[in-house]
Every structure is written in structure tokens, then in C-alpha cells.
Peer 1: 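The structure follows.
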There are 2 protein chains.
Amino acid sequence: MSDIIQVLRRHGIQATPQRIAVAEYVLAVRTHPSADEVWEQVRRRCPTLSRATVYNTLNLFVDKGLLKTQVLKEGTVVFDPRVDAHHHFIDVDTGKIYDVPWQALKVSGAKALRGFDVREYQVILRGRRVGK
Amino acid sequence: MSDIIQVLRRHGIQATPQRIAVAEYVLAVRTHPSADEVWEQVRRRCPTLSRATVYNTLNLFVDKGLLKTQVLKEGTVVFDPRVDAHHHFIDVDTGKIYDVPWQALKVSGAKALRGFDVREYQVILRGRRVGK
DNA sequence: GTCCGATATTAGACTTAGTATCACCTGGTG
DNA sequence: CACCAGGTGATACTAAGTCTAATATCGGAC
């Protein structure tokens, strides 16, 4: 797991035990956890980890481009280890967030909006997960 | 302004002075105010209005289909009097939210997503307002 | 009009997400 | 060794939102 350290260094982040523990969890996760969810999980392995450090660490990771924040849930920001462009589907029953690949949807017209210099966009879809 | 009362009644909402005051503000507004912003504004006309009533009233309006909530800002839900489908543009400098007409963008592929029963969707665009 | 149950309103306590403060603790440098 | 930068942790604080319990008001039955 020492490639985590490499990843941190490559992003200009000094590796510490706490940061490594947070990174191991948050970079591998397939859900979209909030800061407090990250704290709860990582604390099981590293019980001295403080809430402030988790918030500091996650915000640092965002600054350094390791994570992105997404505003998808009421009441909390979630963190997403996928920093490339993609869309999101939100299950209206469970609140679960699913990634939707960029190529799965096509959006046209964004460049033509007058008065708006669009830097990025994504589609937010809501509905129900079926099958699977 | 008594057509506000008609609008409330038509949506099955008992008209009270507080609800009328909130409705007058929030149904006419062009911005996307948070509950506390609504409180602050409406309180100027109706100083006895309590915070709890504003929250109750706005949530009631949402239940009854007069408003929609939108999760577009960190830390707060905003209320939108436009209940028909449209997209949103967020100015990354100011945080201001702009409506983008439904017809201005075309999204294809949403119906074809396997495993997802899409009920609604919208495009969230971020960038800078230019010109006016 | 009066009474009464149902519904609204209010102030304030409470909860939760997130930030700020500050003391302490490292690890590298002169 | 002394020092300084940066990281960590406990705790205080702020802000969004909900809950509660007491009071006020509405609307219908008489």
C-alpha cells in the first residue's frame, strides 16, 4: 500500500499516518461519503483520528486535486475520488448516488448559451434503481 | 393581491397572513433564496413572523407543489418558484444561480440507461456570467 | 354570537455539518 | 540543543434545519 504515499507525494502532500489512512479509504471507496462518514469509517482503524483532521485532510485533498466535492445531498457535501467529468444518478428512495459515465449521455447547447461562459457541467438524474 | 389567496386555496393551502406574506415574496422572486433569506426579507413586512413558521410554510408549499427545493449550494437548500423542468447555471465567482430554459439544452441517452428508471433530470452548469 | 376541536404560530431548545482556535507534538536545520 | 514549520487533536463556535410545547386563531355546529 505504499503507492498511496507516492500518490500523496505526487500531489504535493506530505504523507502522515492520518492522511494515509484517510486516503486509503476515500480513494478506494465506490460510494460518495460525507466527511463524517469518512471519519466514522477510518476511525475504526485509527481510533485517535480527530474530526478536525478528517475535515482538514479532505479539504487538502480537494485543493490538491485528489478529490472533488459534489453538492448532491441536502445537508452535506460529499467527496468523490473520481475527478474526471461524469454525471450522477440519485435514487429517490435510498438517497444512494451512482456514477454515470460521461459518454452515456450527450448534452448539446451548453457552448451556445449567451451570457454564460460554461466551464463545466454535469447532468443530475433522479429516479429509482431497477433490477441489479 | 388577493389572487395569492386564490393560488393558495387552489393548492389546498389554508390562507393565513403569514403564508400570504411568504407566498407574495417567494412566488415573485427571481433569485433562488434559502429559507433564512426568505425569513430575513419577509420579516421586514411582517416582523412577528417566526423562523419556524417560515420553514413550515416553505416545506408546506413544496409538499403542495407551489415550490421546488433545489440542492445547488453548499450548506443550504434553495427554493425555486419555477416548478417546471429547467436547468441551472451557477456563477463560480458570485454563487448566483441562473435559470436555463429547458429548450436551451438537449440531453440524449437518459432513457437508455440500463438499471436506472429516470424520473427527472437537469443539467447543472458552472462558469462565469459574461456581459450583462 | 359562542363554544370547541383542529390547525397555525411562536420562542426557544436541540441536532448536525462544518469551521476556528489554540495547545501540543513532531521532525528537520542552524 | 534551540528553534521553527507544519500536523494533530480537543474543544468552542456558527449556521441550517428540526422539534417541542405552549399559545393563538380559524371554521364549523349549535
Side-chain angles (χ1 to χ4, degrees), chain A residues 4-5 8-9 11-26 32-64 66-80 95 97, chain B residues 2 4-5 8-9 11-26 32-43 45-64 66-80 95 97:
Chain A
I4 291 279
I5 299 180
L8 295 181
R9 294 238 174 92
H11 285 80
I13 299 166
Q14 189 177 325
T16 68
Q18 291 85 345
R19 290 173 178 177
I20 294 166
V22 170
E24 275 176 358
Y25 176 71
V26 84
H32 296 72
S34 68
D36 280 324
E37 282 163 9
V38 173
W39 185 41
E40 209 175 306
Q41 291 304 315
V42 179
R43 211 170 17 153
R44 316 214 287 212
R45 304 238 148 205
C46 181
T48 75
L49 183 69
S50 83
R51 199 159 158 269
T53 297
V54 173
Y55 275 85
N56 286 340
T57 300
L58 291 171
N59 289 333
L60 177 68
F61 286 3
V62 171
D63 278 356
K64 299 298 189 181
L66 264 177
L67 297 176
K68 277 199 73 169
T69 55
Q70 295 283 350
V71 180
L72 297 171
K73 280 196 149 119
E74 292 190 16
T76 186
V77 162
V78 301
F79 293 87
D80 192 341
I97 299 166
Chain B
S2 88
I4 289 280
I5 298 180
L8 295 181
R9 293 239 173 92
H11 285 81
I13 299 168
Q14 190 177 323
T16 68
Q18 291 86 344
R19 289 172 178 177
I20 293 166
V22 170
E24 275 175 358
Y25 176 71
V26 83
H32 296 73
S34 69
D36 280 324
E37 282 163 9
V38 173
W39 185 39
E40 208 175 306
Q41 291 304 315
V42 179
R43 212 170 17 152
R45 303 238 149 207
C46 180
T48 74
L49 182 70
S50 82
R51 201 158 160 270
T53 296
V54 173
Y55 275 85
N56 286 341
T57 300
L58 291 171
N59 289 332
L60 177 68
F61 286 2
V62 170
D63 277 358
K64 299 298 190 181
L66 265 178
L67 297 177
K68 278 200 74 170
T69 55
Q70 295 283 352
V71 180
L72 297 171
K73 279 195 150 118
E74 293 192 15
T76 185
V77 162
V78 302
F79 293 87
D80 192 341
I97 299 165

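The chains referred to below are lettered A, B, ... by the order of the sequence lines, with proteins before strands, and numbering in each begins at 1. Side chains are part of it too, since the values below use all heavy atoms of this structure and drop only hydrogens, waters and symmetry mates. This one's a predicted model, so the numbers in the text were calculated from it and none came from an experiment.
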Peer 1: Which ones in residues 70-78 of chain B lie close to DNA chain D, meaning a heavy atom under 4.0 Å from one of its atoms?
Peer 2: B:Gly75, B:Thr76, B:Val77
Peer 1: Would you say A:Thr69 and B:Glu74 make side-chain contact, with heavy atoms under 4.5 Å?
Peer 2: yes
Peer 1: In whole angstrom, what separates B:Leu60's CG from C:dT7's C1'?
Peer 2: 11 Å
Peer 1: Atom CZ of A:Arg43 and atom C1' of D:dT8: how far apart are they, to the nearest Å?
Peer 2: 15 Å
Peer 1: Identify, between A:Ala35 and B:Gln18, the residue whose nearest nucleotide on DNA chain C lies closer to the 5' end.
Peer 2: B:Gln18
Peer 1: For residues B:Val42 and B:Ala21, report the shortest heavy-atom separation together with the two atoms involved.
Peer 2: CG1-CB, 3.7 Å
Peer 1: Measure CG/A:Leu58 against P/D:dG7 and give the value in whole Å, please.
Peer 2: 15 Å
Peer 1: By nearest heavy atom, map A:Ser34 and B:Gln14 onto DNA chain C; which one lands nearer the 5' end?
Peer 2: B:Gln14
Peer 1: Expressed as a whole number of angstroms, how long is the span from B:Leu49:CG to C:dT9:C1'?
Peer 2: 9 Å
Peer 1: Tell me if a side-chain donor or acceptor on A:Thr57 pairs with a main-chain N or O of A:Thr53 at a distance below 3.5 Å.
Peer 2: yes
Peer 1: If I take atom CZ in residue A:Arg51 and atom P in nucleotide C:dT19, what distance separates them, rounded to the nearest angstrom?
Peer 2: 10 Å
Peer 1: For B:Thr48, report the nucleic acid contact type (base, sugar-phosphate, nothing); a contact means any heavy atom under 4.0 Å.
Peer 2: sugar-phosphate
Peer 1: From CD of A:Glu40 over to P of C:dT16, roughly how many Å is that when rounded to an integer?
Peer 2: 12 Å
Peer 1: Indicate the atoms forming the closest heavy-atom contact of A:Ala35 with A:Val54, along with that distance.
Peer 2: O-CG1, 3.7 Å
Peer 1: To the nearest Å, give me how far apart CH2 (B:Trp39) and P (C:dA11) are.
Peer 2: 9 Å
Peer 1: Take atom NZ in A:Lys73; do more than 12 heavy atoms of anything else shown fall under 6.0 Å from it?
Peer 2: yes
Peer 1: Quick one: is D:dG17 close enough that its OP1 or OP2 comes under 4.0 Å of any side-chain N or O from B:Tyr55?
Peer 2: yes
Peer 1: Provide the closest heavy-atom pair for B:Gln14 versus B:Arg19 in the form atom of the first, atom of the second, distance.
Peer 2: O-NH1, 2.9 Å
Peer 1: When all nucleic acid strands are considered with a 4.0 Å heavy-atom cut-off, which category describes B:Arg19: base, sugar-phosphate, or nothing?
Peer 2: sugar-phosphate
Peer 1: Treating A:Trp39 as the side-chain partner and A:Tyr55 as the backbone partner, does any N or O pair qualify as donor plus acceptor under 3.5 Å?
Peer 2: no
Peer 1: Expressed as a whole number of angstroms, how long is the span from B:Asp36:CG to D:dT14:C1'?
Peer 2: 12 Å
Peer 1: According to a strict under-4.0 Å criterion, is A:Thr16 in side-chain N/O contact with OP1 or OP2 of D:dG7?
Peer 2: no
Peer 1: With nearest nucleotide decided by heavy atoms, which residue, A:Ser50 or B:Asn59, maps closer to the 5′ end of DNA chain D?
Peer 2: A:Ser50
